[in-house]
Amino acid sequence: MDRNHLKRQVDFMKRSLLDQGYLDEQFIQLEELQDDDNPNFVEEIVTLFFNDSARLLQNIEQALVSGPIDFTRLDNYMHQFKGSSSSIGAKRVKNECTRFKEYCTAGNAEGCFRTFVQVKQEHAILRTKLETYFQLARQAGPSGTSGGQVR
Amino acid sequence: MFGKGASSSKSMEIIGSEKKISVLIVDDDPIIRKIHSALLSKFTKEIQEVKNGKEAVDLCRSGASFDIIFIDKEMPIMNGLEATKELRAMGVNSTIVGVTSCDLSSERNDFIAAGQNQCYEKPLTIEKIKSLLSELNKNN
């Protein structure tokens, strides 16, 4: 059956995103919150995240390139971004944020610049992968993402 | 409706479907508010959200009362610790639960000193809520 095949593909993709460390347990938690009342919950949260994070990343970029670096301000922005990332289970993004914050604490501008490139990269990669994932999930139909079944 | 609420009725059993628990979510991050709201809606329909400590204080001052207040630590205008102190000073007896994205162990003392009953690391999970609610039930 076509539908079952698609569902298996969705599960497989999710499994590999988890195994490769792009996502963590928090993403599964979000899927467990999805139900008949909130059938698109996870996609909504993820969309909210990517809209919100674009703004945060811009703020950080601005703070990095305009004048002498205010490490406290940078750290605060990144703290927000890290919090949002971890709330959707964006593991790799979150890890890069942690590294960035360490450079902030150390007042290491060079390190901040380098790590920021990584942050943006992981963010972009995850965005693409999740777009594909949700497209597939939508094709697989309602409850295409089987919350809690892939362990 | 068929199949609707199958999981939420199970969660409702924990607090007793007769008893309505009202909760207030205080967090400046809209993503966290949405997640925690969805999480808590498995347990209750009486949920309100505000985006910083001052709004929480104003809301309570205007007469609203809640069984549980989930309060983020890091917020602009008025943070979680300050808001907790104000709420307690106002005589608010709700269970106040701190939620933080920082290292919890170092902050636990701050939370308890401010008047919070419990604190958790962000984000909340179904398990954390279940254990919190069953603890509250035991104490009631």
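We name chains A, B, ... by the order of the sequence lines, and we start the count at 1 in each one. Because the structure is a prediction, the values reported are computed rather than measured.
You'll find the side chain of B:Lys122 stays beyond 4.5 Å of the side chain of A:Ser87, heavy atoms only.
If you chain together hydrophobic residues whose side chains sit under 4.5 Å apart, B:Ile35 and A:Val46 fall into the same group. Taking hydrophobic clusters as Ile, Leu, Val, Met, Phe, Trp and Tyr residues chained together by side-chain heavy-atom distances below 4.5 Å, B:Tyr120 shares a cluster with B:Ile129.
A side-chain donor-acceptor contact under 3.5 Å links B:Asp29 and A:Ser84.
Few gaps surround CZ on A:Phe113; more than 12 heavy atoms of other groups in view lie less than 6.0 Å from it. Residue A:Gln58 places its CD atom among 12 or fewer non-hydrogen atoms of other residues, nucleotides or ligands, all under 6.0 Å distant. Counting heavy atoms of neighbouring residues, nucleotides and ligands inside a 6.0 Å radius, atom NZ of B:Lys54 does not exceed 12 of them.
A:Asp35 contributes atom CG, which lies 3.5 Å from atom NZ of B:Lys42 (distance to the nearest 0.5 angstrom). Within the model, atoms CD1 of B:Ile31 and CG of A:Leu48 stand 4.5 Å from one another, a figure rounded to the nearest 0.5 Å. The distance from atom OG1 of B:Thr125 to atom CD1 of A:Ile28, rounded to the nearest 0.5 Å, is 13.5 Å.
Counting Ile, Leu, Val, Met, Phe, Trp and Tyr side chains that sit under 4.5 Å apart, directly or through other members, B:Leu24 shares a hydrophobic cluster with B:Val26, B:Val50, B:Val57, B:Leu59, B:Phe66, B:Ile69, B:Ile71, B:Met75, B:Met78, B:Leu87, B:Met90, B:Val92, B:Ile96.
With a 4.5 angstrom heavy-atom cutoff, B:Lys34 touches chain A via backbone and side-chain atoms both. In this structure, chain A has a heavy atom under 4.5 Å from the side chain of B:Ile32, while its backbone stays farther away. With a threshold of 4.5 angstrom between heavy atoms, A:Leu30 approaches chain B through side-chain atoms but not through N, CA, C or O.
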